[in-house]
Amino acid sequence: MTGNSLTYLRDDSGSGPLSLDLPPGRAVHETEAGVLEEPILWISDTRPDAGLWGSLQARHGRTGLWPLLLGGSSYEPGSPWTTGQLDPGLIKSRPGDHDAGVLLAGWWSVYTTVDEDDDVLSAPERLAVTAPFGNRWPGLAPAGTLQENPATRAAEFAEHLMADSWLTAPRLGLIASSRGADAPADLGWGGPLNYENDTAQFSTVLRSWEERFGARVVGLGPAELYLSVAAPPTDADHALRVAAEHFAFCPDNVWQSSTDTLIRYAESLTNRAWWSFWWD
């Protein structure tokens, strides 16, 4: 994290040089490797008020702080945000070091490879999951058409995300990031750790989705990611191409859900104003 503007926030409030009207909270310095001199994030003590996320997003250009709604673990309060489980030092690359298309193609190849010796599905059944593409990577989906201003869509989704209680005990987080897509990497968040421990690679894809689909990172859980989407696919063919990207990015969205094939999963993406991901 560079140019850490979190240092201007007092632990007891958000007042000060940045003039942010925040609820009580504190800066988090603890990592798996020890205590850092500069904070990783600022986090509120309680659920934020309605409208605050959108207000902070609107001021990101001035403050350099990206807001996130952070859900905790149901079995360990505050985890992973205040329990030393974040570590930016473990992220060995930067989002700009990678190419989204190359990353997604590589993951697709891994997840569609049939393991003849240790697979609960037969080869035809395994490839049927990603039909009609099988093990052939279809390439990046075309960009969508904006239906709404991305910042407006993100602020609306933030309110929806809190109201529906998808996140366990949601709290407000502020992360010093140049853009929302980079926030998971800047945090040292390990949600997809079972698949890849360099979160910068996922942030590379999130940057691409920001640009092609007006996506914005709004919330995180211990292993969950929530995005608003201002330019979603509007027809079945486009949705299927986007679904292929989702599978490569997070195969558990298909493997571990009732929409257990790419075609069924794609049906849920048409005109959807938000995307969610979870890694088992």
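Heavy atoms only, all atoms of each residue included: Ala100 and Ser208 are closest at CB-CB, 3.7 Å. Considering every non-hydrogen atom in both Pro150 and Ala230, the closest pair reads CA-CB, 3.7 Å. Across all non-hydrogen atoms, the minimal contact from Gly101 to Asp99 is N-OD2, 3.0 Å. Here the shortest heavy-atom pairing between Met162 and Pro48 reads SD-CG, 3.6 Å. The heavy-atom pair separating Ala231 from Gly214 by the smallest distance is CB-N, 4.4 Å. Closest approach of Val229 to Phe213, counting heavy atoms only: CG1-O, 3.5 Å.
Here the straight-line distance linking atom CH2 of Trp107 with atom CH2 of Trp137 works out to 10.0 Å at 0.5 Å rounding. One distance of note links NE2 of His29 with CG of Leu41; it measures 9.5 Å at 0.5 Å rounding. Remark: Glu211 CD to Leu206 CG distance equals 11.0 Å, nearest 0.5 Å. Between the CG atom of Leu56 and the CH2 atom of Trp66 there is a distance of 10.5 Å, given to the nearest 0.5 Å.
Thr31 places no side-chain N or O within donor-acceptor distance of the main-chain N or O of Val35, the cut-off being under 3.5 Å. In this structure, the side chain of Thr204 engages the main chain of Pro95 through a donor-acceptor pair within 3.5 Å. Although no hydrogens or angles enter the test, the distance criterion places a donor-acceptor pair under 3.5 Å between the side chain of Arg171 and the main chain of Ser44. In terms of modelled atom types and a separation under 3.5 Å, the side chain of Glu30 and the main chain of Thr82 share no donor-acceptor contact. The backbone N or O of His246 sits nowhere less than 3.5 Å from a side-chain atom of Asn253 that would complete a donor-acceptor pair.
Using modelled atom types and a 3.5 Å distance limit, the side chains of Glu156 and Ser228 yield no donor-acceptor pair. Side-chain atoms of Glu245 and Trp209 form a donor-acceptor pair, as typed in the model, at a separation below 3.5 Å. A donor-acceptor contact closer than 3.5 angstrom is absent between the side chains of Arg59 and Thr63. Using modelled atom types, one finds a donor on one side chain and an acceptor on the other under 3.5 Å when comparing Asn271 with Gln147.
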Handout entry: Residue pair Leu86, Val28: steps toward the side-chain contact (heavy atoms from CB on, under 4.5 Å) verdict
Key = CA-CA 10 Å; Leu86 302 173; Val28 176; 5.6 Å; no

Problem - side-chain contact (heavy atoms from CB on, under 4.5 Å) evaluation trace for Leu172 with Leu22 - result: CA-CA 9 Å; Leu172 173 68; Leu22 299 179; 4.1 Å; yes

Practice task
Give the C-alpha distance, both sets of side-chain angles, the deciding distance and a yes or no for side-chain contact (heavy atoms from CB on, under 4.5 Å) between Leu227 and Phe277.
Solution key: CA-CA 9 Å; Leu227 311 177; Phe277 303 90; 3.9 Å; yes

Practice task
Output, in order, the C-alpha distance, side-chain angles, deciding distance and verdict of side-chain contact (heavy atoms from CB on, under 4.5 Å) for Trp166 and Glu224.
Solution key: CA-CA 10 Å; Trp166 293 350; Glu224 300 83 42; over 6 Å; no

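Between Trp279 and Phe249, the ring centre distance stays below 6.0 Å. Between Trp42 and Trp81, the ring center distance fails the sub-6.0 Å criterion. No close placement of the Trp275 and Tyr226 rings is indicated, their centers lying 6.0 Å or farther apart. Taking the six-membered ring for Trp and the full ring otherwise, Tyr111 and Tyr195 have centroids separated by under 6.0 Å.
Under a cut-off of 6.0 angstrom, the local environment of CG in Asp97 is crowded, with over 12 non-hydrogen atoms contributed by other residues, nucleotides or ligands.
Side-chain contact between Asp235 and Thr270: absent, with no pair of heavy atoms (C-beta onward) separated by less than 4.5 Å. Counting heavy atoms from C-beta outward, Arg153 and Arg216 have side chains that stay 4.5 Å or more apart.
In this pair, Trp108 and Phe247 present their aromatic rings perpendicular. The plane angle is above 60°, beyond the 30 to 60° band.
Checked options Ile91, Leu68, Thr199; the residue passing with Leu187 is Leu68 (criterion: side-chain contact (heavy atoms from CB on, under 4.5 Å)).
In this structure, Arg94 pairs ionically with Asp186, as a charged nitrogen and a carboxylate oxygen lie closer than 4.0 Å.
Applying the salt bridge (charged side-chain N to carboxylate O under 4.0 Å, His left out) rule to pairs touching residues 192-208 yields Asp182-Arg207, sequence neighbours excluded. Screening residues 250-271 for salt bridge (charged side-chain N to carboxylate O under 4.0 Å, His left out), with sequence neighbours left out, gives Asp260-Arg264.
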